[in-house]
Amino acid sequence: MTDATARQHQRNLLGLEGLEQESLLTLLAEAGEYQAVARRESPPLDTLRGRIIANLFFEDSTRTRCSFAVAAARLGAQTVDLTSTGSSVSKGETYVDTARTIEAMGVDAIVVRSKAAGAPAMIASAVACPVINAGDGRHEHPTQGLLDLLTLQQYWRDFDQRTIAIVGDIANSRVARSNLHGLTTLGAHVVLVGPPNLAPGSMATITRGPGSVTVNHDLDSVIESVDAIMMLRVQFERHAGSGLAGDYREFYGLSAARAARLKPDAPIMHPGPVNRGLEIDPEVADDPDRSIIVEQVTNGVAVRMAVLMRSLA
Ligand code: NCD
């Protein structure tokens with residue numbers, strides 16, 4: 001690998017898998033420094049003035065796309081937005097050709113979301129500018145993982161000795177995968193909870209520690225012992241709801257009665273968008289004392305500011 005290629009690798013963020021504990025903690029500390037700007041307690045910065053970031057979103061998004069745009073704006077950079085509909089992707093142009101075309105216009109970084117696992121890595125090997133994965137199929141969603149880690153760090157301070165339940169459609173979730181890598185690298189214990197077809201035992205083997213992963217199919221047996229709970233959206237677009245039992249909500253939904261059994265200081269998380277009344281009941285999602293879904297969103301801006309700075313500064 002040449003020095004230039006090595007440098008480009010460092011400036012990409014394709015996943016949390018393989019990131020060392022120290023790199024993760026550094027990124028979280030950097031994101032922490034942008035929180036005041038993200039919360040609008042401090043004025044915006046102009047550190048990236050004159051830079052242009054391309055948001056290539058080949059799959060739908062509300063939070064991630066707008067959050068990258070807001071993060072870029074808070075750093076003084078500009079964004080160009082491209083989605084599949086309304087672009088030449090709908091005429092059959094490949095993702096790589098699209099990315100190369102946008103790069104040729106002189107953009108400084110590419111943020112990419114795709115249904116296809118591995119698309120950001122393919123694009124990264126085809127362009128010279130930094131590439132940031134904004135979610136690729138079932139594979140990874142590293143900035144979501146980082147914003148979840150940052151949010152948890154505010155509640156927990158340290159990750160070791162802490163246990164989190166990630167509940168729901170684990171098999172189809174890139175959010176679960178990125179969180180698994182990040183949380184276990186930082187020493188937390190993760191219990192993956194869901195029906196056997198959505199939370200297969202094999203998911204326990206994908207990370208390396210020092211934290212641990214277990215799989216459990218009985219939410220009621222773990223709910224009282226965890227230090228946080230992360231509910232996941234059922235990914236209807238990835239399996240069209242096939243195999244989702246009619247009694248899913250009864251066994252795996254976070255109802256008010258179930259939420260009342262959590263430890264009093266265990267926060268309730270969800271990456272959004274929420275299927276209200278399926279994986280989480282509206283009064284639980286909106287509970288101002290327990291739900292930290294809105295904090296997750298705000299922290300997303302701080303995390304993306306840190307990630308953009310790391311790629312571009
Ligand atoms: C997630 C995603 O797209 O993977 N959303 C997000 O970015 N906050 C989760 C989901 O869609 O369920």
Side-chain angles (χ1 to χ4, degrees), residues 13-17 31 38 55-72 79 81 83-84 111-121 132-152 164-183 192-194 198-199 203 228-241 244 248-249 252-254 267-280 284-285 291-305 307-308:
L13 179 65
L14 302 177
L16 297 191
E17 181 175 10
N55 266 338
L56 308 191
F57 275 63
F58 304 123
E59 192 188 45
D60 292 346
S61 171
T62 294
R63 288 156 194 75
T64 310
R65 181 146 72 107
C66 294
S67 181
F68 268 107
V70 170
T79 40
D81 261 304
T83 53
S84 301
V111 177
V112 57
R113 165 168 289 195
S114 164
K115 283 186 183 53
I132 298 166
N133 180 4
D136 61 331
R138 300 176 175 85
H139 175 227
E140 280 232 34
H141 190 350
T143 56
Q144 178 71 42
L146 287 169
L147 76 86
D148 289 333
L149 295 177
L150 180 67
T151 310
L152 280 168
I164 182 169
I166 303 183
V167 183
D169 187 357
I170 314 286
N172 293 294
S173 175
R174 54 198 180 202
V175 176
R177 276 184 186 71
S178 287
N179 266 289
L180 265 180
H181 292 301
L183 284 160
L192 300 173
V193 186
L198 298 182
M203 293 290 297
I229 190 164
M230 182 186 295
M231 306 306 297
L232 296 177
R233 182 176 67 88
V234 176
Q235 306 278 296
F236 286 103
E237 73 275 35
R238 296 194 209 290
H239 56 77
L244 188 70
Y248 180 86
R249 177 180 173 276
Y252 297 106
L254 193 58
I268 296 167
M269 307 173 77
H270 192 303
V274 170
N275 289 313
R276 284 173 177 260
L278 181 58
E279 70 262 0
I280 188 167
V284 180
S291 164
I292 57 169
I293 295 173
V294 174
E295 279 171 61
Q296 289 174 265
V297 174
T298 308
N299 281 337
V301 174
V303 156
R304 292 177 178 115
M305 288 175 77
V307 167
L308 289 173

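Whatever order the structure lists ligands and atoms in, that order sets their numbers, starting from 1. Residues take their numbers from the sequence shown, with the count starting at 1.
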- Whether Ser84 side chain and Phe58 backbone form a donor-acceptor pair below 3.5 Å: yes

- Message: Using heavy atoms and a 4.0 Å limit, tell me yes or no: is Glu59 in contact with ligand 1?
- Response: no

- Item | Enumerated ligand 1 atoms positioned under 4.0 Å from heavy atoms of Arg63 | 8 (N)

- Any N or O of Glu237 that comes nearer than 3.5 Å to an N or O of ligand 1? no

- Can an N or O of Val175 be found at a distance shorter than 3.5 Å from an N or O of ligand 1? no

- Among all protein non-hydrogen atoms, which one is nearest to atom 4 (O) of ligand 1, and what is the separation to 0.1 Å? Arg174 NE, 2.7 Å

- Task: Taking all heavy atoms of Ile293 and all of Ala285, pick out the closest pair and write down the distance.
- Result: CD1-O, 3.9 Å

- Are any of the side-chain nitrogens in Arg138 or Glu237 under 4.0 Å away from the carboxylate oxygens of its partner? no

- Query: What protein heavy atom sits nearest atom 8 (N) of ligand 1, and how far away is it?
  - Reply: Pro271 O, 3.0 Å

- Message: If I compare all heavy atoms of Thr151 with all of Met269, which pair ends up nearest, and what's the gap?
- Response: CB-CE, 4.2 Å

- Should Pro273 be counted as touching ligand 1, given the test is an N or O pair under 3.5 Å? no

- Pro271 to Gln144 - nearest heavy-atom pair and separation: CB-NE2, 3.5 Å

- If you measure from the Lys or Arg side-chain nitrogens to the Asp or Glu carboxylate oxygens, is any gap between Asp169 and Arg233 under 4.0 Å? no

- Pi-cation contact, Phe68 with Arg304 (under 6.0 Å, within 45°): yes

- Query: Do any heavy atoms of Gly272 fall under 4.0 Å from ligand 1?
  - Reply: yes

- atom 11 (O) of ligand 1: nearest protein contact (heavy atom, Å): Arg233 NH2, 2.9 Å

- Quick note on ligand 1: atoms under 4.0 Å from a heavy atom of Thr64 include exactly 6 (C), 7 (O)

- Message: So, taking the atom named CG in Asp136 and the one named NE2 in His141, what distance separates them when rounded to the nearest 0.5 Å?
- Response: 10.0 Å

- Task: Examine Gln235 against ligand 1 and note whether any of their N/O atoms are separated by less than 3.5 Å.
- Result: yes

- Interfacing atoms of ligand 1 (cut-off 4.0 Å, heavy-atom, Arg113): 2 (C), 3 (O), 7 (O)

